[in-house]
Each structure stands twice: as C-alpha cells, then as structure tokens.
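In what follows, a structure is listed as structure tokens, so that the remarks can point back to it.
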Amino acid sequence: MSNIFEPQAQSISDDNWGSPLVSPVLDLSANEETPIMPDIKQSPQSLVFENQDILGVIFENFAIDFDSPLFNAHRRDLLNAALVCTACTDPAMNILWGNMDSFIPLIQLLPTTKLVNNRYVVNGTMQADDWVRFDFYACRVRSFLVNRSNPNISTQVFIRLVQLRPSPLLPGLQVLHLPLPIQNSERLGSANDSVTVSLLVSSPSLRSIRISNIGPYSDYILEPVMSTAVHEIISLKCLNLSGGTCSLDSLVYIASFKDLRYLTLQTDTELTSTFLKNIGNLPCLIDLNIKMTHLSEPPSEARSAGKQVAFSGHMFKGVKNLHITGCPTSMVKFFDSMQPSSVEVAVLECENHPNGIDLSGAWTECFTWMSSAINLQSLSVVELGGPNQTINLPMTAIYPIFQLVQLRHLKIDITHFGLTSSGLVQIAQAFPNLVTLILPSDTDNSSPSLSALRVLAIRCPHLEELHILVDIRDALVPIPSFQLHALKKLYLNAIQFQLAEENLIAMALYLHFTFPHVQVAGYGRCNVVDNDYWSGERYVPSDQNKLLWIKVQNLLRAFQTVRHGVLLAHSNPGSHAEELLLLEDEIFRWDGGLGS
C-alpha cells in the first residue's frame, strides 16, 4: 500500500488514510540541476518562490485539521503544491506531514513492514537506504495526536524500531496530544499502549504535552509517560492534564519540569498543600490553569470560626495568568500558597460547596486576596453549571477590589449578584479605566436602572463593551446631553414584562445620546417568559422578545444615520443641511407607533 503523504505523479483520492495510490514515488530528496538563465529582472511573484519563509506562511493556510470538513481537500492541495516545483516541495511537505494522527504513513515507508491479518508487523531486515527515506519525512512531523481508531500496529514494530534506531523516531516532534480511554473496559490499542506513547514522549524536542480523559484507570499509562518525559525531554514548556481523578503519585513529576511555562491541571484529584508548594517553586511558570476540588484537609481554626486570616503565600511568584476552578472555600486554600502581586489576568470559575454551606465569608477572602494583585488588568468571576446550580455572590464581597483602579476588564457572571443602580455607580467610581464590563444578565434579583448607565458613561470614558441587565421602567426619563462616548458594543437584557412598545423609542433615544457610537447592540436572556429556554450554555429569549430588541436596534441605527448625515451637512455647506436638521428634529420628537 502506498503512502498518501508522499508526492505522487497523479492526484490522490479523497479516502481516509491508507488510500491506494497508483503512481510511482518521486524521489524528492534528489537535487535537480538548475539551468543557467539569462540575467532578467525578476517579478515579485518569482521572488516569492525564492523565499521559503513566505511559502511556508502561505501553505500554513492549508494546515491539517483532522476535524475539518476540508481535511481531504487540504491534503490533496498540499500534495499537488509539492509537485508543482522544487521551491514548493519543502514548505508544502512540512505542512502535510506536520500534523499527524497515525504512525501508519511512516510505517508504510519501510519495505519490511507488512499488513498481516489487519495488523502491521516487521518482517525482514531494514537497509540504510530505508532509513534515509523514513527520516526524510519523519523529521517533518511537529504535532502528533495518538488516535486509537487506527488499525492495530504490533508492539513488535516499535520494539524493532527502537532496537534498530537508537535516535528518536520523530526528531522534530514538538506537540503531543494523548486522549486516554474513558472507561476501564476500553483498552488502549497497540498503537496507543505505554510502549508506543513512551516512544513518542522520548523525543527530546517535545515542547508541549496534552493528556485528556484522565480517570481512575489512567495511572498505568500516565505515570510511565510522566516519568519518561522528565528524563527524556530537554525543555518542556507546556503541560495540559485534564479529566477526572487520578493518583497524586502520577502528578508529582510536574515539579521536575523546571522550564515549564504553561500548566493546565484540570482534574478532580485533591491537591495537597505539599503538592502546591512543590509546583509553586517552578521558576519559569507564567500561566496556571488549575482546578481545586473540595480539600479533605481541614481549614485553620480561625477560618473555621468565620474569621478572616491574613494571606502569607509566597509561591507562584511569576504567574501572570491565573485560571482557577472550584468552590470559593477551595480557592481560599490555594490563595494561601500564592503571591498575587504578579497576576495580570485572573479567571475564577466557581461552583457551590458540596455540603451547601454559606460562601459569603469565602467570597470576601477571595476578593481580599485579589485586592493585593497590584498589576491586575482583567478579572472574570463566573459560575459553572446550569440554572439549578446558581451561586450567591453578595455585592459587598467585591468591595476589597475597589482599590484596583488600574483594572481594565471586569466580568462578573453570577446569577445571584444583587446588582442595583447604586452598585453600578460604585463600580463606575472604582474602575475609571474600564474597557470591558460584563455584569450579570441572567439574574432574578434587582437590576440597575437605565438612567444609571449615564453615570457609567461619564465615569468610564474608555468603555468599549458593556453587557448588563437593566430595569427600563424609567425609560421615559429626560434625554441627557449629548456625549461623545467610545462604547462600541452594547448588550442589554431586560425583564420581558417591562418591555412595552411605547417605551422603546424613548429608550433607544436615551441610549443613542449616552452611547452614540454603538456598532453592535444585542440582547440576551429575559426572565419571566414561559417560552424562554435553557440552551445548555445560556438562556435564549423568546421570538417576541427578540423582535422588540431588534426594533430597538433599528431605531439606534436610524438615529445614527440621521446624526451622521447632519455632521456631513455641516462639513459641506452646499448640502441639504436645513432639511436634515428638520428630519432629525422630527425623528427625535416622534411619539407615534413604531411603524412598519
């Protein structure tokens, strides 16, 4: 069976891996003689073909994505490009072979490898020329996804390769993704067993490892993989471990990757204080995504009594991006070990305590710790789960972070937040440099009034994106003075029974004078509507409510069009300035129906 990765003299089929090819293999490693050409001025197009870097960027647009519907088309295009001329061969083949999910194309390069009863085995002696051909393609592989759906490859194949080839099989491998079996009964295929995976992990060039679907039956492969990586990989930069519960013994190797910069540890394993201390000393770590399950270790006596305790953590000194998942009580336990001064971006994904205890004190401690993050630029606090797993976050709990005047991005997406008009004013006063503000839009509690947006516009002149639930019963408030605010994206929610058509014009006019440059005006979940429904990620408004918000958006567009026309008219005295001014006045004073 020929190799679909290898350039052929004719086009390939659209079948999956292993499609038969009829043309003889081209010897791409041979050098073609370049004819002597007269000295002619070269065109820009011809200069592109002399620059391998530019060609590489062009062919990156055809990068192999196994989940893409264009997968086969991109393979065919890359293969055809490699056959166009020698200038395109290397950059096109680098992309074609750069992302792999099977050893089969490489195994097929070796003439001694045979398919026997749907199982690849080595039968015979490999010659030096066989390795030259193998290396010509193997050195191009940069990313490998271990795919258990491939036909079986006998472990004997890899054992023979190791015996005959002491150097790494994939010398340029940089990224490895290993999805583990979800159930114990789902055995790893022979191409995915510990021997094969350890063979991949032994590539010293590896920079990133991702292991997903971790579970209670994963330790038999997870621990050998981690152990091999520690001893073989020269400088691992990124490690991503996700899934369920595994043994802490399989994770202790993390502390040995001294060059690690990006760590994702999203498992259900309980992380002890000793473990956190060990990984907290990693000198190069700048990005940490960690899940803290409910710790079996008891809290301090002071915290058990409901008292606030000063944080004294001195680990994770260089972490700039922090993403932590768990119950606020578990987060407090983590914050005890971390120094916050270096954090620039923080994301808190919160869930309820498994015993349903009150989280008010833990919330206050979390935000007290966050108040020491003097370099914090972005803070997101979101809840996990659906509508039946909502979390209570008192407005008073966030008071400690009001001293972070440098904050530019704030997101609080907690259903029961209790945001009022005065609360919005406090946020506006505390964070004058906000560029993005996302506040609860699915809350059943009180919400700020429409007029409170005016204070936000004055206090936060740099705001460009706003998501908020408002009470529009005061929509018929006096129209504010015109302000040139920079807001571009506005997403408003409102309770459905407050949306009466007679208020839509006044509300749209108020919004236009407050945020005249809005380019995107959206809508979202609205409460107290029977046919609103939960999509799995958010509430979807009913068709009736969608229509009302579309009308508001159309009114905003009309006001902006008129204002733009007036500005053009004043800049061009010969235009119909008086007519446009009259039209603007007519629209602003219009108090009839919305029309068709």
Side-chain angles (χ1 to χ4, degrees), residues 1-34 45-68 70-111 113 128-145 147 150 161 165 167-177 200 203 205-208:
M1 182 179 289
S2 300
N3 194 320
I4 57 89
F5 278 93
E6 203 165 343
Q8 310 292 320
Q10 297 183 12
S11 63
I12 66 175
S13 69
D14 287 336
D15 297 335
N16 293 324
W17 302 126
S19 302
L21 300 173
V22 297
S23 301
V25 175
L26 297 180
D27 185 6
L28 296 180
S29 58
N31 294 323
E32 296 183 2
E33 294 185 2
T34 304
Q45 291 86 348
S46 62
L47 291 174
V48 168
F49 284 92
E50 294 182 0
N51 191 316
Q52 294 288 292
D53 293 333
I54 294 179
L55 289 173
V57 172
I58 293 173
F59 288 123
E60 281 179 1
N61 293 286
F62 300 90
I64 298 297
D65 181 357
F66 302 114
D67 297 325
S68 171
L70 299 176
F71 171 64
N72 286 319
H74 281 180
R75 285 194 303 149
R76 182 177 57 251
D77 292 339
L78 287 167
L79 184 55
N80 290 337
L83 294 170
V84 169
C85 65
T86 55
C88 294
T89 298
D90 272 341
M93 295 300 287
N94 287 340
I95 301 299
L96 181 60
W97 283 81
N99 191 8
M100 302 281 287
D101 71 340
S102 172
F103 262 113
I104 293 176
L106 287 167
I107 295 298
Q108 291 176 337
L109 293 171
L110 301 172
T113 304
D129 290 344
D130 298 336
W131 287 116
V132 172
R133 186 171 180 234
F134 182 92
D135 292 340
F136 181 75
Y137 297 98
C139 68
R140 303 177 189 272
V141 180
R142 296 291 182 267
S143 175
F144 200 101
L145 166 65
N147 189 345
N150 291 149
L161 291 178
R165 191 71 171 175
S167 59
L169 291 182
L170 304 179
L173 186 64
Q174 296 182 358
V175 179
L176 174 64
H177 179 196
L200 287 168
S203 298
S205 59
L206 264 177
R207 295 295 178 265
S208 175

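One-based numbering along the sequence shown. Values reported hereafter were calculated over all heavy atoms of this structure, with side chains retained and with hydrogens, waters and symmetry mates removed.
- Taking 4.5 Å as the limit, every side-chain heavy atom of V175 sits out of range of all side-chain heavy atoms of F144.
- A 4.5 Å side-chain heavy-atom check between R140 and D90 finds at least one atom pair inside the cut-off.
- Under the rule for a side chain to side chain contact (heavy atoms under 4.5 Å, CB included), the partners of R142 that lie at least two apart in sequence or sit in another chain are Q174.
- Annotation: side chain of F136 is not in contact with side chain of L109 (no heavy-atom distance under 4.5 Å).
- Using a 4.5 Å heavy-atom cutoff, the side chains of L176 and L145 are not in contact.
- With S205 contributing its side chain and L173 its backbone, the two residues share a donor-acceptor pair below 3.5 Å.
- Going from atom OG of S143 over to atom CG of L206 covers 9.5 Å, rounded to the nearest 0.5 Å.
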Worked check of side chain to side chain contact (heavy atoms under 4.5 Å, CB included) between Y137 and M93: CA-CA 8 Å; Y137 297 98; M93 295 300 287; 3.5 Å; yes

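- Counting only distance, with no hydrogens or angles, the side chain of S102 and the backbone of I104 share a donor-acceptor pair below 3.5 Å.
- Between L106 atom CG and W97 atom CH2 the span is 5.0 Å, to the nearest 0.5 Å.
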Kindly determine whether D129 and R133 satisfy side chain to side chain contact (heavy atoms under 4.5 Å, CB included), including the steps that lead there. CA-CA 6 Å; D129 290 344; R133 186 171 180 234; over 6 Å; no

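- How far CG of N99 is from CG of N94: 13.0 Å, rounded to the nearest 0.5 Å.
- Among all heavy-atom pairs drawn from A92 and A81, the shortest one is CB-CB, 4.2 Å.
- With values rounded to the nearest 0.5 angstrom, C88 atom SG is found 11.5 Å from N80 atom CG.
- A heavy-atom distance below 4.5 Å is not found between the side chains of L83 and T89.
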